[in-house]
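To start, the structure itself, in structure tokens.
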2 protein chains.
Amino acid sequence: MRRDIFQAIADPTRRAIIALIAVQSMTPNAIAENFNTSRQSISKHLRILSECELINQEQQGREIYYSLKIEKMKEIDDWLEQYRNIWETRFNQLENILSRLKKE
Amino acid sequence: MRRDIFQAIADPTRRAIIALIAVQSMTPNAIAENFNTSRQSISKHLRILSECELINQEQQGREIYYSLKIEKMKEIDDWLEQYRNIWETRFNQLENILSRLKKE
DNA sequence: TATTTGCGAAACCAAATAGTTGCATTTATA
DNA sequence: TATAAATGCAACTATTTGGTTTCGCAAATA
């Protein structure tokens, strides 16, 4: 069973959940209100996000507040780093070509 | 059928293919040599990457050279932007707290 | 020309996924 | 105390996924 951050963000519903709880912690019910799917399916997504260590949960009485572990999102950023180098190099090369063309 | 860049990078084999062809364009056979899976399964991954518009292909005789559309990777970076703001803010807040503690 | 090579596509299969329904448990409230 | 609300979990289902095997086609080569 693959359980990494790339798996976590592959599903559009999970990306939407991430966007919601990035702003403020929310209960499963409150999250589910934003989708036209059942509360249980949201709970399953939350479990997956939890297994990927992408979210925190805090029990408050009978409610559980979920929030985003923002630092985990940085892992994607780290992975992207190698490609960012490539596209910036290409962009600079393009700039050089353009400025050379301009001079001629 | 979901076919977006997040789907594309969800699979570890596809991430490895992306890493390979980011450096230089390669044929399916050459790519497959780097994995212990069949050429056909690599071809299927290439088709998915193609449907996500993540790769270019260039026919050369009977060989097809695949390369990464690096600018497409930037889409992930754009999506990350919103979260980058959050984690940088939090980091700055932490820094402020630390420097205040230091002064006291 | 006959054979080999590189490739994509189709048919098939097992496992994973996303969703549902139906519980059980704990906490709040009438 | 009885009931309602918030939640997680298990069982089940349909669909998707990643892989294999087999095939056909076009290009290279003997």
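Both backbone and side-chain heavy atoms feed into the values below; hydrogens, waters and symmetry mates do not. Chain letters run A, B, ... following the sequence lines, proteins first and then strands; every chain starts at 1.
Nearest-nucleotide mapping onto DNA chain C: of Tyr66(B) and Gln60(A), the residue sitting toward the 5' end is Tyr66(B). For the pair Ser41(A) and Gln59(A), both in contact range of DNA chain C, the more 5′-proximal nearest nucleotide belongs to Ser41(A).
Residue Ile48(A) is in sugar-phosphate contact alone, with no base atom involved, counting any heavy-atom pair closer than 4.0 Å across all strands shown.
Close to dG19(C), at under 4.0 Å from its OP1 or OP2, lies no side-chain N or O of Ser38(A). Phosphate proximity of dT17(D) to His45(B): absent, as no side-chain N or O sits under 4.0 Å from OP1 or OP2. Residue Thr13(B) has no polar side-chain atom (N or O) positioned under 4.0 Å from OP1 or OP2 of dG18(D). Under 4.0 angstrom from either OP1 or OP2 of dG19(D) there lies no side-chain N or O belonging to Ser43(B). Remark: Thr27(B) is in phosphate contact with dC7(C), judged by side-chain N or O atoms under 4.0 Å from OP1 or OP2. At the phosphate of dT5(C), neither OP1 nor OP2 sits under 4.0 Å from any side-chain N or O atom of Asn29(B).
Judged by distance alone, with hydrogens and angles left aside, the side-chain atoms of Arg14(A) form a donor-acceptor pair with the main-chain N or O of Ala8(A) at under 3.5 Å. Side chain of Arg3(B) to backbone of Cys52(B): no donor-acceptor contact under 3.5 angstrom is found.
Put simply, OH on Tyr65(B) is 13 Å from P on dG8(C), counting in whole angstrom units. Atom CD1 of Ile17(A) and atom C1' of dA18(C) are 12 Å apart (whole Å). Nucleotide dT17(D) holds its P atom 17 Å from the CD1 atom of Ile42(B), rounded to whole Å. To the nearest angstrom, P of dA18(C) lies 8 Å from CZ of Arg3(A). Distance CD (Glu33(B)) to P (dT5(C)): 14 Å, rounded to an integer number of Å. Note: CZ (Arg15(B)) to C1' (dG18(D)) measures 15 Å, nearest angstrom. The distance from atom CD of Glu63(B) to atom C1' of dC25(D) is 16 Å, rounded to the nearest whole Å. Taking atom CD on Gln7(A) and atom P on dA15(C), their separation rounds to 17 Å, with Å as the unit.
Contact check on Glu81(B) versus Arg84(B) returns a salt bridge, with a Lys/Arg side-chain nitrogen under 4.0 Å from an Asp/Glu carboxylate oxygen. Here Asp11(B) does not pair with Lys44(B) in a salt bridge; the nearest charged N to carboxylate O distance is not below 4.0 Å.
Atom OG of Ser99(B) and atom CG of Leu94(B) lie 10.0 Å apart (nearest 0.5 Å).
Closest approach to the Ile64(B) side chain among dG19(D), dC7(C), dG8(D) is made by dC7(C) (side chain taken as heavy atoms from C-beta onward). With dA6(D), dT17(C), dG8(D) as the choices, the nucleotide that has an atom nearest any side-chain atom of Arg39(A) turns out to be dG8(D).
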Evaluate the salt bridge (Lys or Arg N to Asp or Glu O under 4.0 Å) criterion for residues Lys72(A) and Glu75(A): first the C-alpha distance (whole Å), next the side-chain angles of each, then the deciding distance (0.1 Å), finally the verdict.
CA-CA 6 Å; Lys72(A) 191 77 179 177; Glu75(A) 275 188 19; 3.0 Å; yes
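No hydrogens or angles were tested; on distance alone, nothing pairs the side chain of Gln40(B) with the base of dG6(C) as donor and acceptor under 3.5 Å. Applying the 3.5 Å distance criterion, the base of dG19(D) shares a donor-acceptor pair with the side chain of Lys44(B). Not a single donor-acceptor pair, N or O on each side, falls under 3.5 Å between the base of dG18(D) and the side chain of Arg14(B). Scanning atom types as modelled, one donor and one acceptor separated by under 3.5 angstrom connect the side chain of Arg62(B) and the base of dT5(C).
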